[in-house]
Colleague: 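Can you read through this structure? Questions will come right after.
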Protein chains: 2
Amino acid sequence: MSATESPSPSAHATASATAPGVARRLLALNLVRLRAQRGWSQEALAHESGLHRTFIAHVERQVRNASIDNVERLANALGVSVAVMFQPPPDPPAG
Amino acid sequence: MSATESPSPSAHATASATAPGVARRLLALNLVRLRAQRGWSQEALAHESGLHRTFIAHVERQVRNASIDNVERLANALGVSVAVMFQPPPDPPAG
DNA sequence: TTGTAGACTAGCGTCGACA
DNA sequence: CTGTCGACGCTAGTCTACA
């Protein structure tokens, strides 16, 4: 592991990188969207994911930063992959 | 919001769904892979992501369940999207 | 049905040190 | 350079209750 060959990797903040909070937003957006597609209520999703109702509400409002373990549980309840939870919206409303 | 139209959505545990812990594993796998591609050490990635060295080590060993905010920071440091962190491996060595 | 507040527990995430 | 233990602060996550 000769990482010493690695030159100075920038500083520690790549401006071109993703903006902070996008993950939380994407998660919330996809969460509401997917949940609406199932026609489930927050309570239903909470039951399916085995989490609490208040927690689901907070995640959708982006007032809470969920952990991987729970994000996976949410995706699992929605029948989707964990990766799609952070996927950008399918496409904007064209009409 | 007439979620009442939604009948019994299974029970609460879809066996066909993703197995528990895949997210943690995928994150660890991609983390090591991406980090190796950059030729960075755990310490370097820790510096880039603004996180602690011990935390990076734990995540790679799957002994820790990181939160979205930190996963995004990791992906950010690696210059990739948060979704790719949970993406399955490209493909195994065919040789 | 959903949002929010308050209190509580469990675990995340940091730091320092050693193998 | 990397893995791991001990201690500590902070907040994720739960539960109850009200608007």
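Every chain is numbered from 1, with letters handed out A, B, ... down the list of sequences. No experiment lies behind these values; they were computed from the predicted model shown.
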Colleague: Applying a strict under-4.5 Å side-chain criterion to I, L, V, M, F, W and Y, I'd like to know whether A/Leu26 and B/Met85 cluster together.
Modeller: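 Shared cluster, no.
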
Colleague: Would you mind reading off the distance between B/Leu31 atom CG and D/dT2 atom P, rounded to a whole angstrom?
Modeller: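 Rounded to the whole Å, the gap is 11 Å.
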
Colleague: For the helix from C/dT2-D/dA19 to C/dA19-D/dT2, figure out the bend between the end axes, five pairs an end, and round to 10 degrees.
Modeller: 50°

Colleague: To the nearest Å, how far apart are B/Arg24 CZ and C/dG11 P?
Modeller: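 One finds 12 Å between P of C/dG11 and CZ of B/Arg24, rounded.
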
Colleague: Please find the pair of heavy atoms, one from B/Ala66 and one from B/Phe55, that lie closest to each other, and give the distance.
Modeller: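 The answer is CB-CZ, 3.6 Å.
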
Colleague: B/Arg61: which residues meet the side chain to side chain contact (heavy atoms under 4.5 Å, CB included) condition with it, sequence neighbours left out?
Modeller: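 For B/Arg61 the side chain to side chain contact (heavy atoms under 4.5 Å, CB included) partners, ignoring immediate neighbours, are B/Val63.
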
Colleague: Could you check how far CD of A/Gln62 sits from P of C/dT4, rounded to whole Å?
Modeller: 12 Å

Colleague: On a heavy-atom basis, which atom in B/Arg73 and which in B/Gly50 lie closest, and how many Å separate them?
Modeller: NH1-O, 4.3 Å

Colleague: Taking the basic N atoms (NZ, or NE/NH1/NH2) and the acidic carboxylate oxygens, is any pair closer than 4.0 Å for A/Glu60 and A/Arg35?
Modeller: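 Looking at A/Glu60 and A/Arg35, the cut-off is met.
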
Colleague: Out of curiosity, does A/Leu34 fall in the hydrophobic cluster containing A/Val32 (side-chain heavy atoms, cut-off under 4.5 Å, transitive links)?
Modeller: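 Shared cluster, no.
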
Colleague: Rounded off to whole Å, could you give me the CG-to-P distance for the B/Leu45 and D/dG3 pair?
Modeller: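 To the nearest whole Å, that distance equals 12 Å.
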
Colleague: Can you tabulate the close N/O pairs, meaning under 3.5 Å, that link protein atoms to atoms of nucleotides 13-19 of chain D?
Modeller:
from	atom 1	to	atom 2	distance (Å)
D/dG13	OP1	A/Ser67	N	3.1
D/dG13	OP1	A/Ser67	OG	2.6
D/dG13	OP1	A/Asn70	ND2	2.5
D/dG13	O5'	A/Asn70	ND2	3.3
D/dG13	N7	A/Arg64	NH2	3.2
D/dT14	OP2	A/His52	N	3.4
D/dC15	N4	A/Thr54	OG1	3.4

Colleague: What integer distance in Å separates A/Arg61:CZ from C/dT1:P?
Modeller: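 Between P of C/dT1 and CZ of A/Arg61: 18 Å.
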
Colleague: Using a 4.0 Å heavy-atom cut-off across all strands, classify A/Glu60 as base, sugar-phosphate, or nothing.
Modeller: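 Answer is nothing: A/Glu60 stays at 4.0 Å or more from every strand.
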
Colleague: Taking all heavy atoms of B/Asn30 and all of B/Val84, pick out the closest pair and write down the distance.
Modeller: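 Closest approach of B/Asn30 to B/Val84, heavy atoms only: ND2-O, 3.3 Å.
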
Colleague: If Ile, Leu, Val, Met, Phe, Trp and Tyr residues are connected whenever their side-chain heavy atoms lie under 4.5 Å apart, and connections chain through other members, are A/Val22 and A/Leu29 in the same group?
Modeller: no

Colleague: Starting at atom CD of A/Gln42, determine the distance to atom P of C/dT2, rounded to an integer number of angstrom.
Modeller: 5 Å

